[in-house]
Structures are given as structure tokens and as C-alpha cells.
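What follows is one structure encoded as C-alpha cells, with my remarks underneath.
Order of appearance sets the numbers: ligands from 1, and atoms from 1 within every ligand. Bear in mind the structure is a predicted one, so any value in this text is a computation, not a measurement.
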Amino acid sequence: MNPERKATKSWASALAVLAVLTVSAANAADPSANDLKRVVNEAHAKYKDLRDGKNADYIPILETVPSDLFGVVIATREGKVFWAGDVNYRFSIQSVSKPFTAGLVMQQQGPAAVAEKIGVEPTGLPFNSKIAIELYEERSANPSVNAGAIAAVSMVQADSEEERWNQVLQNMRDFAGSDLELLDEVYQSEYSTAWSNRAIANLLYNYGRLYSDPEEALRVYTKQCSVGVNTLELAVMGATLANQGVNPITGKRVLAEKHVPELLAVMAMTGFYDESGAWQYTAGLPAKTGVGGGIVAVVPGKFAIAAFSPRLNESGNSIRAMNAIRHIAGELGVGLYGANPD
Ligand code: GLU
């Protein structure tokens with residue numbers, strides 16, 4: 001079968017399934033404030049002594065972030081927030097930024113442009129894979145891997161690098177309802193060692209799958225990953241998606257309601273890179289991870305769960321944050337495919 005037709009078909013069926021699951025999840029009874037408070041505290045207490053994994057070190061400065069930090073937050077679509085632990089510490093958002101910029105591109109050019117010019121298929125390969133670029137005809141594969149995220153930045157409609165960056169930053173601020181700032185030290189550390197991502201940008205450009213100057217896209221992408229966010233702000237970013245694109249704190253519409261299911265589908269299929277299948281299998285929620293240690297998961301129509309802790313597993317996903325979110329999803333029975341046991 002023509003691979004393009006196959007991709008379109010499997011994408012369409014994934015969307016149909018997600019639409020049905022989203023409706024059934026939205027119809028289930030909402031957990032009470034007491035339940036939300038209880039599970040956040042429980043998840044923090046249960047995993048705070050877990051010390052498996054290690055900080056990312058391929059971006060030198062990430063190795064210096066205190067490894068024991070651990071925060072857990074639930075933010076609801078009504079703007080209520082429940083938290084435990086180090087939720088005010090600002091860490092670099094890294095790849096958790098990716099779906100939000102993909103949302104900006106959807107807003108500007110429509111979801112079909114994201115599917116056609118980036119792709120929406122999981123790679124089954126690590127986040128920085130160059131093999132995936134050679135293997136798949138889409139090249140960039142999906143907006144969650146580095147290739148697709150750099151392509152997404154290159155698609156933001158802008159006449160200059162400054163305008164591109166301002167739009168990316170403002171969009172993240174709108175999702176968070178907070179004046180997020182660039183962590184300049186992180187940016188310098190990451191950009192001065194960005195040889196792998198530079199190779200990705202140049203490969204994509206070579207294949208006609210990058211839509212601006214490659215070095216400009218690389219710089220803006222690296223800045224996007226170096227934005228500082230705390231766990232409370234990250235939870236509000238997710239709650240904006242849970243609230244159909246309206247920030248529950250500021251009331252501002254950030255993403256058209258009709259694009260939210262597509263963005264959540266991308267997160268569900270690709271948000272954990274080569275562990276996306278295992279994540280869906282055990283937690284059953286759309287989510288996005290980052291090598292800074294942050295993860296945000298969305299229970300569509302209800303709330304978001306964010307967690308942060310710097311120690312990562314081999315796929316680049318925070319071990320405590322994954323466990324905390326999975327525990328909460330299991331306890332509340334909010335997995336999209338049915339209640340997962342904790
Ligand atoms: N800025 C990181 C990179 O490009 C993001 C990776 C991640 O968070 O998974 O390698």
C-alpha cells in the first residue's frame with residue numbers, strides 16, 4: 001500500500017477512537033476535591049524516596065539541577081489547583097513544550113498541515129533519532145520528536161527570527177497564564193552543544209522538510225526548550241488542553257476547541273517517544289515528557305496532572321514523575337481506555 005495512504009488511514013482511525021474515548025471519559029463522574037488532594041499527596045509520598053535513574057547530562061547544565069526535587073500538581077478545568085512537594089522550582093520545559101508549539105502551528109495553518117508537513121506517526125525510536133529521518137518518508141515523523149519539533153518551529157508564520165521566537169514564547173505564556181521566561185544559562189549550555197539537533201535540522205532541510213533557515217529554526221527550538229516553568233505552571237498548560245483550549249485561570253482562548261482532540265491524539269501516540277506504547281498501556285492518558293524532568297498528562301474535559309523530578313530513565317523520561325502520574329490516573333480510574341490498576 002502507498003505509505004502516504006496508509007499513514008492517512010491509520011491517523012483517521014486513531015482520531016475516531018480518541019473521539020469516542022474522549023466522550024466516554026468526559027461522561028464519567030468527576031472526582032471530588034478531596035480525592036484530588038488525597039491522590040496528589042499520596043503520589044508524592046509514595047515516590048519521594050525513589051532514586052532510580054539520573055539527570056540528563058548531554059545538555060551539561062541539566063546535570064547540575066538538584067536531583068531530589070520532586071513536585072506533583074493537579075490543575076482542573078475550573079482552575080482549582082492541588083499540589084505537593086517542590087512545585088515552585090523553575091526547570092527547563094524541554095520537550096514538554098513541543099505539543100504547545102504544534103498547537104500554535106495547527107492554529108495558524110490547520111491540523112492537515114501538521115499531518116502533511118511534519119507527520120503524526122510514532123517512530124518507535126529515541127527522541128533524537130537520525131535513523132527515523134532516513135527510514136520514514138515523512139522524515140520529521142511527528143511533532144514530539146526533535147525532528148518534528150524543529151520542523152514545527154520552522155512552520156510558525158513569521159517574517160523574522162525575533163518574531164518567530166516571540167510567537168513561540170507568547171503561545172507558551174498563554175497556555176500557562178504566566179510570564180514564562182527564557183533560562184538563558186540553559187539556552188547557552190544547550191545551543192553551544194547542539195550538534196545532534198543541528199544535524200537533524202540540516203537533514204530535514206536537505207529533504208525539503210524544514211520550512212525556514214535551519215540555523216534559525218534550531219536557535220528558536222533550543223530557546224523554546226530552555227523556557228523555565230514550574231510544576232504549577234506546567235499543570236495549567238495541561239489544564240488549558242483539558243478545558244478545550246481555554247486557559248482556566250485567565251479565561252483566554254489559546255487553541256480552537258476543534259484542534260484539541262488532534263493535539264491530544266499526537267500526545268497519546270508519541271509523547272513518550274519509544275515508550276509511548278508502554279505509557280498508554282499502563283497509564284492510558286495523553287501526555288508529554290521532557291529531559292528537564294517535567295511531564296504533563298491530560299484527562300480530557302477534566303484536569304491535567306503535572307509532575308517534575310530530574311532523574312530520568314534510558315528513554316529520557318522522569319521516573320518519579322511517570323510513577324506519580326500513573327498512580328494518580330490509576331487511583332482515580334481516569335485512563336481513557338478504562339480504569340488502569342495502579
Ligand atoms: N531540548 C532537548 C533536545 O533537543 C529536548 C529533548 C527532550 O526533552 O526530550 O534534545
Side-chain angles (χ1 to χ4, degrees), residues 53-65 90-102 118 122-133 140-154 165 168-169 172 180 182-204 210 214-229 231 234 237 266-267 269-276 279 287-297 306-319 321-322:
K54 61 182 188 63
N55 287 34
D57 56 7
Y58 74 98
I59 299 169
I61 202 165
L62 295 186
E63 225 182 339
T64 68
V65 177
R90 282 219 166 78
F91 53 94
S92 56
I93 188 166
Q94 298 295 341
S95 287
V96 191
S97 60
K98 290 170 177 173
F100 301 99
T101 298
I118 300 175
T123 62
L125 290 164
F127 64 91
N128 53 2
S129 175
K130 270 70 85 185
I131 292 175
I133 299 176
S140 44
N142 68 66
S144 294
V145 292
N146 289 9
I150 298 170
V153 162
S154 80
W165 163 234
V168 166
L169 178 62
M172 288 162 74
L180 306 180
L182 179 72
L183 300 176
D184 197 53
E185 271 191 329
V186 176
Y187 173 64
Q188 297 302 339
S189 178
E190 186 164 350
Y191 185 62
S192 63
T193 54
W195 308 110
S196 171
N197 284 338
R198 183 170 289 110
I200 289 172
N202 285 317
L203 267 178
L204 290 181
L210 198 81
E215 198 62 28
E216 173 178 334
L218 176 69
R219 267 192 300 268
V220 175
Y221 163 79
T222 311
K223 284 185 179 168
Q224 171 188 303
C225 292
S226 305
V227 165
V229 70
T231 318
L234 191 57
M237 293 177 85
V266 168
M267 290 167 73
M269 301 296 285
T270 64
F272 275 70
Y273 310 122
D274 43 334
E275 284 192 329
S276 297
W279 175 253
K288 186 72 202 81
T289 69
V291 294
I295 303 182
V296 67
F308 157 69
S309 199
R311 290 195 191 93
L312 312 178
N313 68 9
E314 302 239 306
S315 294
N317 302 321
S318 166
I319 295 177
M322 281 172 79

Next on the checklist: Between T193 and E190 (side chain of the first, backbone of the second, donor and acceptor by atom type, cut-off under 3.5 Å), is there such a pair?
Outcome noted: yes

Next on the checklist: So does V186 get a backbone contact from the side chain of S189, meaning a donor-acceptor N/O pair under 3.5 Å?
Outcome noted: no

Checklist entry - For V65, does its backbone N or O pair with a side-chain atom of N55 as donor and acceptor, under 3.5 Å? => result yes

Item to check | Results of side-chain hydrogen bond (donor to acceptor under 3.5 Å, both in side chains) for R219 - residues two or more places apart only | outcome: E161, Y191

Checklist outcome for this item: side chain to side chain contact (heavy atoms under 4.5 Å, CB included) test vs Y187 passes for just one of V227, I61, L182, namely L182

Checklist entry - For ligand 1, what are the residues with a heavy-atom contact below 4.0 Å? => result Y58, Q94, S95, F127, N146, E190, N197, Y221, C225, Y273, G290, V291

Next on the checklist: With a 3.5 Å distance limit and no angle check, can you tell me whether K288 reaches the backbone of V296 through a side-chain donor-acceptor pair?
Outcome noted: no

